[in-house]
Structure formats: C-alpha cells, structure tokens
Amino acid sequence: MAKIFTLHPDNPQNRRIEEVKSALSSGAVMLYPTDTVYAIGCDLNARSAVERVRKIKQLANDKPLTFLCPSLSNVATYSSVSDTAYRIMKRLIPGPYTFLLPATKLVPKLVQSPKRKTTGIRVPNHTVCLALLSALGNPIISTSAHLPPDEADVQIVENSLKPILSQIELFDRLDTLVDVIVDTGEEPTYEVSTILDLTGEEPMITRRGLGWEAAIAWV
C-alpha cells in the first residue's frame, strides 16, 4: 500500500515535502496533483522508477514521457531552446502548457522520443509541485494518472464518455501501484495541458487544453 502524505495546497509543510523528496530520491513512484490533472511521477533520473511508470501506464518505450521543471532556466538545461521558443515560454509559464523541445543529453533516452530526440517539458503553476521540484533538485516525471479502463469502466468507454473518478476512487485504484500519494484535497479533473510543438521553425499547437486561447496569441 502507498504511503499518503497530506499537504496544504498553498503552504505545504516543509517536513512532509522533505519526506516525499527522500522517497523520490530512493526511487519511489508517486501519485500527485498538478495544475491540470493528477499525475504519476518519479525522479527523472531514477531509471527503475521511470520503467515502473511506463509499466503502470502500459506505455511502449517509443512513447515519450513529459516531465516538470521549476523554471525557464531549468528547461534550458534539458532542452535546446531557440529564441522563438524562449519568447513563447517566457509569456506562458508557469501554467498548463507542455512544450515539445529538442532534448539535451541530460534527458534519459527512456524518457524522450527515440526517433525525434525530443522531450515534453512543463513548468507548472502549482505550489506543491514547485516545492517538490525545489527540494528534489531534479525534474519530476508527469504523466496523466488516468489509467486504461478496468472492467467497471468498459460501459462508460463504449459510450464515448470518460470515467471521472473521485479523489478517493483514484487513490484506491493507484494504492497498490505507487509508493507515495500526495493528498492536497484536490479533486481529479480531465482538464489536460495545451501542447505546443517548438521543435520546428514554426511553433504549433498540437493539442488544445487548458489555456489554449492564451497560447494562440503567441503561435
């Protein structure tokens, strides 16, 4: 069973942040809230934990994983940022945006797109996420916690509706799959991030999610 850490959403307790950080540093996989959806994540550099995240989400190795960074300067450490990309990101972060960028050698191959050598990076507008990033000192993997449907969800999926789980239901479903659950009292949503592809000469919005209206002004 996962260990649950209850944190204040606006003023997370330092002691509990340090406890979660210690678990991540030891290779833990966690369920945690972001400024979009609940996510499954781990330390970017914990290979065994990244492999577990892929297994939980049933992702093939050619499917890249998004990760969180605390700032624009940190993004530039893990990706090649053009002048155009810099201007766009400076206007939009922190916020509900995933930026597709050319990966640097610091991004593990297990995380990036193997063919394109690109990676997805977010700078979240979420106090707890930023506190964890600051404590850990490494980026944190961030992939949606919405798993492939179980038998109870089949009828909902067949009717083309997404099964929206409550916080309790989500915690219960992930309890045996993750090591740590971060509980800030926030309920799950399906409001995904907007994805901006900044790998080419012309920036493109490849998925309209939260904040896409603001992103259009800069693409």
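The first residue of the sequence shown is numbered 1, and numbering continues consecutively from there. As the structure is a prediction and not an experimental result, all values here were calculated from the model. Values below: every heavy atom of this structure, side chains too, minus hydrogens, waters and symmetry copies.
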- Any side chain to side chain donor-acceptor pair (under 3.5 Å) involving residues 91-113? Give me the pairs, sequence neighbours left out, ordered by first then second residue.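 Residue pairs with at least one partner in residues 91-113: T98-S193.
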
- Message: Can you pull out every side chain to side chain donor-acceptor pair (under 3.5 Å) where at least one residue sits in residues 17-30? Sequence neighbours excluded, please.
- Response: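 Residue pairs passing side chain to side chain donor-acceptor pair (under 3.5 Å), neighbours aside: R15-E19.
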
- Residues in ring-ring contact (aromatic ring centres under 6.0 Å, His included) contact with Y78, at least two apart in sequence or another chain: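 Only F67 meet the ring-ring contact (aromatic ring centres under 6.0 Å, His included) criterion with Y78.
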
- Item | Set of salt bridge (charged side-chain N to carboxylate O under 4.0 Å, His left out) partners for R47, sequence neighbours left out |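 So R47 forms a salt bridge (charged side-chain N to carboxylate O under 4.0 Å, His left out) with E51.
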
- Taking only residues two or more places apart in sequence or in another chain, which ones pass salt bridge (charged side-chain N to carboxylate O under 4.0 Å, His left out) with R54?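 Testing R54 for salt bridge (charged side-chain N to carboxylate O under 4.0 Å, His left out), a comparison that skips the adjacent residues, returns none.
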
- Message: Would you say that more than 12 heavy atoms from the other residues, nucleotides or ligands in this model lie under 6.0 Å from the CG of D83, or not?
- Response: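 For D83, atom CG is not crowded (no more than 12 foreign heavy atoms under 6.0 Å).
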
Quick one: side chains of residues 134-145, donor-acceptor pairs under 3.5 Å with protein atoms, not counting sequence neighbours, listed by atom name and distance.
unit_1: N138; atom_1: ND2; unit_2: D43; atom_2: OD1; d: 3.4
unit_1: N138; atom_1: ND2; unit_2: D43; atom_2: OD2; d: 3.2
unit_1: S142; atom_1: OG; unit_2: Y32; atom_2: OH; d: 3.3
unit_1: T143; atom_1: OG1; unit_2: K57; atom_2: NZ; d: 3.1
unit_1: S144; atom_1: OG; unit_2: H146; atom_2: N; d: 3.1
unit_1: S144; atom_1: OG; unit_2: H146; atom_2: ND1; d: 3.2

By side-chain contact (heavy atoms from CB on, under 4.5 Å) - contacts of [X] (at least two apart):
{"X": "N14", "result": "none"}
{"X": "Q167", "result": "Y38, F171, D183, E187, P188"}
{"X": "L210", "result": "T36, P96, E191"}
{"X": "A85", "result": "V81, S82, M89, L101, L198"}

- Query: Which pairs with one or both residues in residues 193-212 pass salt bridge (charged side-chain N to carboxylate O under 4.0 Å, His left out), sequence neighbours excluded?
  - Reply: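 Non-adjacent pairs meeting salt bridge (charged side-chain N to carboxylate O under 4.0 Å, His left out): R116-D197.
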
- Message: Is the shortest side-chain heavy-atom distance between P108 and V50 below 4.5 Å?
- Response: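 With C-beta onward as the side chain, the pair stays apart.
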
Side-chain polar contacts of residues 211-219 - donor-acceptor pairs under 3.5 angstrom, sequence neighbours left out - could you list them?
none

